[in-house]
2 protein chains.
Amino acid sequence: MPATMHDVAKLAGVSVKTVSNVLSGYPYIRESTKARVLAAVDELGYRMNLSARNLRAGRTGLICLAVPELSLPYFGELADAVIRAAEERSWTVLVEQTGADREREVGVLSGARRQLVDGLIFAPLTVSSADIEQFRGDFPIVLLGERTFDVAVDNVTIGNVDAARMATAHLVDIGRRRIAAIGTHPTDAEGPAVLRLEGYLAALREAGIEPDTELIVPAGLWHRAEGAAAMRQLLEAGTRFDAAFCFNDTLALGAMYAVLRHGLRVPEDIAIVGFDDIEDARYSMPPLSSIAPGRDQIARAAVDLLARRIEQREHAHQQVVADFELRIRESTAG
Amino acid sequence: MPATMHDVAKLAGVSVKTVSNVLSGYPYIRESTKARVLAAVDELGYRMNLSARNLRAGRTGLICLAVPELSLPYFGELADAVIRAAEERSWTVLVEQTGADREREVGVLSGARRQLVDGLIFAPLTVSSADIEQFRGDFPIVLLGERTFDVAVDNVTIGNVDAARMATAHLVDIGRRRIAAIGTHPTDAEGPAVLRLEGYLAALREAGIEPDTELIVPAGLWHRAEGAAAMRQLLEAGTRFDAAFCFNDTLALGAMYAVLRHGLRVPEDIAIVGFDDIEDARYSMPPLSSIAPGRDQIARAAVDLLARRIEQREHAHQQVVADFELRIRESTAG
DNA sequence: GTAAGCTTCTACAACGTTGTAGAGATCACA
DNA sequence: TGTGATCTCTACAACGTTGTAGAAGCTTAC
């Protein structure tokens, strides 16, 4: 049975409230009293019961981070960054995995966790802006990832369209004309897949290249296996092409694997550029060119926005656009 | 202001306790009453206040998973598995990152989180068994990873020594005699690095191969960068060798990168085997042979052990040894 | 000398839920 | 018809904390 404030108070010979005051930094306390209380805390190994504190204070000090899967390196690294950023505010992060499941994403928005956490940082994959409007209710939320439609939610993103355009333009710059895009979500109306496709198409347009629908390959989950499958499909179809822009790095690494397996060279035969700049990208053979989003910047911005939203429920929603940069490595360089 | 049980009770025309009873599945309730209550819950969008419930019940429904870093793929995948296993018990997992920092690991054992969670699943890196004995107090804990010294804590592991021995023996089987070991922690007295080294040495001994200390290279963090650095060090030292057993897959992938960069072939010049079988391993070029621990089995066992420990504080501590298998891929196969 | 202000501490109620105990109905059976 | 068992529901207290309100002592200023 752990010690409570009552035990501490009794041992220190003060009232419960005085213990509470000492612990919460109330200024008007005699030094000697404070010392006695702290000694008692120490002696009993007292730890505050957070359920009780939260019940009273209406805050839990917990935030929820909802991502598709931690086993995807990008989200593992992102979770890492968010947890660190949250720590600076002494918040605790509770990670929820949504899979790629719409029902679970809706569950996160409207679900039971909302009673447990003060706010939500949410990287949605399948739910639409309309869903978000509908289910979020009056709850502090920060979205990760651009929303195509305007939605009254704080939002941190990198410029997906610009970044995708830059990645594709880089392939054009090194002389490629037949550039595949891997990872589209043809049925989505919005979301990163849509935006990255848009950037890809814009870059082609600017280069005067006619897009070829045969070179645009969907991939639902953006895992390595799907990247490899998509690339195999392209290679086996006999479609001629000399480069691929993959919508994330795991797709790209899977695709690169399939190219090499097929006996072709990267980048000589097929140049590949990815997106996310996960650690793997730097140690693949050849190392993978990729768009590096400012992960720490994104995490910090998300936590900051959420903090402001929690403190002050009513204010215009904000959009933070984080920086990105193209890291050119050997998968696109001679 | 969210609705409380009182609001629901008033709307349904029953007592608060009846609402509570309906919601917690108490059997003796008239169907019509139950229906009225549920309708009221629905109409008000009522969600239970978990702080209050926890305060009353003395349980939070949260468990803590403490790992070094989520951005390490193995731990990302492990966290994924633990979260899924915990979900089946409708527990929520709170992930704590310890870095490789002893102070933080001690903090996890003795820290403030203990008031917030019902139990802890802990993958320690730096703390010793003695630390664990000292700091854990009376708190439900399950350790991930073998303890060399006996410590009164539930424990899930794979047979590190056996697995390392099998990996090394595999290299011997394909005809290698000069086998490097990458990833030792020379100052540790226990922990996976020590055990894997032990397995490595055992396999050499069984094959009648004299270990060569020049081939045993430390690496603190088991990141790709350290694996690459260790391998570069070996290559530049001019030490002759024809294989490497890396203590985890990220080390192995970094090492493989360095080998290929150095203009040598894998496996012809240097065969490489890793440990953990992370997803990357299957898509590197060449694909990496690795020890596959039963990750889901480990996660489930850890959650099960923790559940038993929470329900019933007093009983002998248990050790679960999960299965592993060697996945042979091209990094060790002609 | 006393009003006003500061410092230090305390009692009490409240946060939203559930366990305990028990009050009334209703039912089965003699 | 009475007796005990079963069903349905309720009042109350309690979990451990903090906000509110205020008491008591001390200092300052006239």
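Below, read A as the first sequence line, B as the second, and so on, with proteins coming before strands; counting in each chain starts at 1. Values below: every heavy atom of this structure, side chains too, minus hydrogens, waters and symmetry copies.
Residues satisfying the salt bridge (Lys or Arg N to Asp or Glu O under 4.0 Å) criterion with B:Asp188, sequence neighbours excluded, are absent altogether. Remark: A:Arg59 engages no residue in a salt bridge (Lys or Arg N to Asp or Glu O under 4.0 Å) (not counting sequence neighbours). Residues passing the ring pair (Phe, Tyr, Trp, His ring centres under 6.0 Å) test with B:His223: none are found, sequence neighbours excluded. Here A:Arg36 pairs with nothing under the salt bridge (Lys or Arg N to Asp or Glu O under 4.0 Å) rule; sequence neighbours left out. For B:Asn54, the side chain to side chain donor-acceptor pair (under 3.5 Å) criterion is met by no residue, not counting sequence neighbours. Scored by the salt bridge (Lys or Arg N to Asp or Glu O under 4.0 Å) test, A:Glu43 finds no partners at all (sequence neighbours excluded).
Rounding to the nearest 0.5 Å gives a distance of 8.0 Å between CG of A:Asp154 and CG of A:Leu306.
Between A:Lys10 atom NZ and D:dT17 atom P the separation is 14 Å, expressed in whole Å.
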*Could you encode protein contacts along nucleotides 6-16 of chain C as a string, one character per nucleotide from 5' to 3', using B for base contact, S for sugar-phosphate-only contact and - for no contact, with a heavy-atom cut-off of under 4.0 Å?*
-SBBBB-BBBB

Listed pairs under 3.5 Å, donor-acceptor, residues 73-84 of chain B side chains, sequence neighbours left out:
{"from": "B:Glu77", "atom 1": "OE1", "to": "B:Arg295", "atom 2": "NE", "distance (Å)": "3.3"}
{"from": "B:Glu77", "atom 1": "OE1", "to": "B:Arg295", "atom 2": "NH2", "distance (Å)": "2.9"}
{"from": "B:Glu77", "atom 1": "OE2", "to": "B:Glu279", "atom 2": "N", "distance (Å)": "3.0"}
{"from": "B:Asp80", "atom 1": "OD1", "to": "A:Gln97", "atom 2": "NE2", "distance (Å)": "3.2"}
{"from": "B:Asp80", "atom 1": "OD1", "to": "B:Arg84", "atom 2": "NE", "distance (Å)": "2.5"}
{"from": "B:Asp80", "atom 1": "OD1", "to": "B:Arg84", "atom 2": "NH2", "distance (Å)": "3.1"}
{"from": "B:Asp80", "atom 1": "OD2", "to": "A:Ser71", "atom 2": "OG", "distance (Å)": "2.9"}
{"from": "B:Asp80", "atom 1": "OD2", "to": "B:Arg84", "atom 2": "NH2", "distance (Å)": "3.4"}

Could you write out each protein N or O paired with an N or O of nucleotides 3-5 of chain C at a distance under 3.5 Å?
none

Taking N or O atoms only and anything under 3.5 Å, show me the protein contacts with nucleotides 24-29 of chain C, one pair per line.
none

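End-to-end axis angle of the helix from C:dG1-D:dC30 to C:dA30-D:dT1, using five pairs per end and rounding to 10°, comes to 40°.
Between the side chain of B:Asp118 and the backbone N or O of B:Ile63, no donor-acceptor pair lies under 3.5 Å. Although no hydrogens or angles enter the test, the distance criterion places no donor-acceptor pair under 3.5 Å between the side chain of A:Asp101 and the main chain of A:Thr98.
Within 6.0 Å of CZ in B:Arg300 there are 12 or fewer heavy atoms belonging to other residues, nucleotides or ligands.
The stretch residues 9-23 of chain A participates, sequence neighbours left out, in these side chain to side chain donor-acceptor pair (under 3.5 Å) pairs: A:Ser15-A:Thr18.
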